[in-house]
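Each remark here refers to the structure printed beneath this line.
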Amino acid sequence: MSFYITTPIFYVNAKPHLGHAYSTIVADTICRFKRICAEDSRFQTGTDEHGDKIVEAATGAGVSPKEYVDRISGMFRAAWPPLSIEPDNFIRTTDQEHIQVVQSILQDVYDKGDIYFSEYSGLYCNGCERFLTEKELVDGNCPDHQKPPAPISEQNYFFRMSKYQDWLIDHIKNNPEFITPERYRNEVLSFLKEPLEDLCISRPTSRLTWGIPLPFDTNFVTYVWFDALINYITGIGYPDKDLFARYWPAAEHIIAKDILKPHAIFWPTMLQSIGIAPYKRLHVHGYWNINETKMSKTIGNVVRPGELVDEFGADTVRYFLLREMSFGLDASFSTESLLARQNSDLANDLGNLFSRSLTMVARFAGNQTPKQGNLSESDQELADAAVAMIEEFKAQMNGFAFHKALQAVWAVIGRANRYIVENAPWELAKDPTNAERLATVLYTLLETLRLLALCLAAVMPGTAVKMNASLGIDTGPDLLQQGRWGLLEPGCAITVGEALFPRMDKKGKKKEKKKQDKPQEGKKQKKSESVDTDGMISFDDFTKLDLRVAEIVAAEKIKKSDRLLKLTLKAPEERTVVAGIAEHYGPEEIIGKQVIIVANLKPAKLMGVTSHGMVLAAKGEEGLVLSSVSRPVSNGSKVS
RNA sequence: GGCGAUGUAGCUCAGCUGGUUAGAGCACACGGCUCAUAUCCGUGUUGUCCGGGGUUCAAGUCCCUGCAUCGCCA
């Protein structure tokens, strides 16, 4: 059976963050799991690189779109290996092969009559860069920009999505697992109760050139989703390569809830029009909140996976993310909870179980796998639990219930720790007449560890390899063949290695061992801590900030928000920055002012508006007061 | 405004089609062990299961209503 798992291709207007890492870790874990179950499995990720947001970001960064996407895409590609993530393919929408196939598909769909040219007249807001509906207007104005939108008509190409609405509804109803978890399936179905509009799939080159030209009209480029979604099939060589035949329609897509509609509605109808079977399943997960608030650039709580790996290691991060989130629901991230998992689950429970077991084998059994005798009730109970864990683990993994799969594993770890106390091998070792009993107990422990490592291979590949190395196992994991009791051969050499997981203190540093040799001071101050900033920063840290003077040239309230203003700044290039000052400043009174901004803050989306930087303001008892310079200075001047 | 989700111990959450004294992990307290990464094991404390009303012999579990948070849609 073949299996094809994908992450979304990530939009390169921002660097990789925790959410990207989660999707990708899930995909990697599932792919590894399927392989361990002897399935023919493929895993693809990549980057989405077209569209006006990219042009905007590139302009902001002062480079060409091509240079810009190369840089950010490279960051994504480089982010995964440190997390032990190994995609089979990393696709970019700027790849030549992708572009050609997208064009060929556009032509096919066009020839079929599912793409038509139409004039769209509507109210266009320059600030929003989109058409607004009548209902959105407040007193005839754009609610975001307090300006009346311009009535313009633009000609564009449309995909006849509405034509496939009934088919899609039937398909979703007939295939309960098409969209999971169920809540998202219901959401899609309820959305489909309303008539579907056709999808605008083009932009005139007068407005946007950074895209794939329509093959039948080079005055237009295709816009966003039509280009992006197709990656899932261009990445396996559609239309005619072997890979496509091998992995389609065995495709399962992982997405976060924000891109549900394109994947649950646009994509299946596109496939239907192209004449390709729909993908098999769509798996929708929730968001990671950071300390109970949304991850956001302005709050400054964006978590970078790379920093977590530096501190905790790939396996801990993978374990934490999979254990802590119920797939489909939102979850909360904090360094405290990560640290708690590291210490209690990994170091104390698993790590210590492994360590104490191997040490006893070393001391009481001459560093060799002992021979198991008759199993007592206690032995049998642990053995049964360990074997049952394999089945439970498989079932939960197949259902994307990673937290439950891991709970099942940890239940056995707890049982094994209890087993040691019940059987007290150190007592048995005192009396030579207990030799066979002792051997059986130690063997039971080693077998349990072997089965634990087998389950963990998909989740924590590095740890599983270490465990297997100590146990003298050199074959790759295979859940079907190796999930049985009693496969360890007596007489094999057991090696006690280093601790699997260090206990860490609150700063996320390794606790120094008492007796061990010299602590590795090495890079004591490697970079700044990810979230923790309790102390002083170095000058180097300070120079990372790009502080600049910028002039406010426009300011508008953001609808539905009491706090946010959308500012247009000259720094000296124009950029949009969202500031939480609406309660203290009216839009009019600040136009023309010079303020100080953080120019290299990662862009963040607030109430639908992307903010490229942050305006500094003092927070006193009087409220928020904007920063400024004491005399006018040219826009873009550095502040240091 | 419409539709929907959620609200259970200090924290994170389990509790399927209603059924005996409401559970787990973390944290906390005490006790035990010594193989182990100051680890492990045992015992224990805490809950108006969001509020109010209703159905039922019986409701955290069903119905109505209110409140709070969140999501989708408009």
Side-chain angles (χ1 to χ4, degrees), chain A residues 132-138 143 179 181-197 256-261 264-265 284-289 291-294 320 323-326 328-334 336-365 378 396 401 403-404 406-411 413-430 438 441-442 445-446 449 496-505 510-516 559-560:
Chain A
L132 304 178
T133 63
E134 293 279 357
K135 291 176 190 166
E136 284 178 282
L137 302 184
V138 178
I179 300 167
E182 198 175 4
R183 48 194 318 223
Y184 295 107
R185 176 174 181 266
N186 293 338
E187 202 170 299
V188 171
L189 282 173
S190 95
F191 181 78
L192 285 170
K193 282 178 189 158
E194 302 295 321
L196 215 45
E197 285 185 21
K257 60 186 182 181
D258 57 330
I259 49 176
L260 175 62
K261 212 193 297 179
I265 296 176
V284 189
H285 71 248
Y287 284 153
W288 282 97
N289 294 320
N291 297 321
E292 292 159 36
T293 55
K294 287 190 177 180
F320 175 83
R323 174 64 183 78
E324 197 80 0
M325 176 176 266
S326 300
L329 302 177
D330 289 356
S332 184
F333 173 90
S334 69
E336 290 76 23
S337 50
L338 177 52
L339 199 60
R341 292 286 181 199
Q342 163 81 14
N343 284 336
S344 64
D345 295 5
L346 297 177
N348 293 352
D349 293 348
L350 172 60
N352 185 52
L353 169 66
F354 191 68
S355 165
R356 67 196 302 207
S357 303
L358 291 195
T359 308
M360 285 191 285
V361 172
R363 281 179 51 175
F364 306 144
S378 167
Q396 298 293 4
H403 64 300
K404 289 187 182 169
L406 289 168
Q407 276 176 38
V409 174
W410 257 257
I413 292 172
R415 201 175 275 257
N417 271 324
R418 254 168 274 140
Y419 173 85
I420 293 178
V421 174
E422 284 166 17
N423 290 282
W426 54 91
E427 288 296 331
L428 295 173
K430 288 176 185 167
L438 176 61
V441 168
L442 295 179
L445 278 173
L446 291 178
L449 290 173
V496 183
E498 289 206 342
L500 293 178
F501 301 95
R503 279 185 66 80
M504 293 180 164
D505 65 18
K510 284 188 186 181
K511 274 197 173 171
E512 287 176 18
K513 286 192 184 172
K514 302 186 212 169
K515 42 186 175 181
Q516 243 208 348
K559 81 163 170 175
K560 285 201 241 172

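Numbered from 1 within each chain, the chains take letters A, B, ... in sequence-line order. Hydrogens, waters and symmetry mates are skipped; everything else that's a heavy atom, side chains included, is used.
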G-U wobble or Watson-Crick pairing nucleotide for [N] (cut-off 3.5 Å, both distances):
N      : result
A36(B) : none
A29(B) : U43(B)
G51(B) : U65(B)
A14(B) : none
U21(B) : none
C72(B) : G2(B)

Among the candidates [options], find the nucleotide nearest to the side-chain atoms of [X].
X         : options                : result
Ile420(A) : A36(B), C35(B), C41(B) : C35(B)
Glu427(A) : C35(B), C72(B), U34(B) : U34(B)
Trp426(A) : U34(B), C41(B), A36(B) : U34(B)
Asn417(A) : U37(B), C35(B), C41(B) : C41(B)

Would you kindly give the [atom1]-to-[atom2] distance between [X] and [N], to the nearest whole Å?
X         : N      : atom1 : atom2 : result
Met325(A) : G25(B) : CE    : C1'   : 19 Å
Lys404(A) : C13(B) : NZ    : P     : 14 Å
Leu353(A) : U34(B) : CG    : C1'   : 16 Å
Glu336(A) : U12(B) : CD    : P     : 13 Å
Arg415(A) : G42(B) : CZ    : P     : 11 Å
Glu194(A) : G1(B)  : CD    : P     : 19 Å
Arg183(A) : C3(B)  : CZ    : P     : 18 Å
Glu197(A) : A74(B) : CD    : P     : 9 Å

Which value, in whole Å, describes the distance between the [atom1] atoms of nucleotides [N] and [M]?
N      : M      : atom1 : result
C33(B) : C40(B) : C1'   : 8 Å
A5(B)  : A14(B) : P     : 16 Å
U8(B)  : G51(B) : C1'   : 15 Å
G19(B) : U55(B) : C1'   : 16 Å
G44(B) : G7(B)  : C1'   : 29 Å
G25(B) : C35(B) : P     : 27 Å

> If each of Asp330(A) and Phe191(A) is mapped to the nucleotide of RNA chain B with the nearest heavy atom, which maps nearer the 5' terminus, i.e. the 5' end?
Replying inline: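 Going by which nucleotide is closer to the 5' end, it is Asp330(A).
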
> Which atom pair, heavy atoms only, marks the closest approach of Gly328(A) to Arg183(A)?
Replying inline: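 Smallest interatomic distance, heavy atoms only, reads O-NH1, 3.5 Å.
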
> Of all heavy-atom pairs between Ala256(A) and Val284(A), which one has the smallest distance, and what is that distance?
Replying inline: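 Smallest interatomic distance, heavy atoms only, reads C-CG1, 4.2 Å.
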
>> Quick check against the 3.5 Å criterion: does Asp330(A) have a side-chain atom that pairs as donor or acceptor with the backbone of Tyr287(A)?
In response: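 Yes: the side chain of Asp330(A) pairs with the backbone of Tyr287(A).
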
> Hey, does Lys193(A) reach any base, or is it just sugar-phosphate, or nothing, if we go heavy atoms under 4.0 Å?
Replying inline: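 The residue Lys193(A) makes no contact with any strand.
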
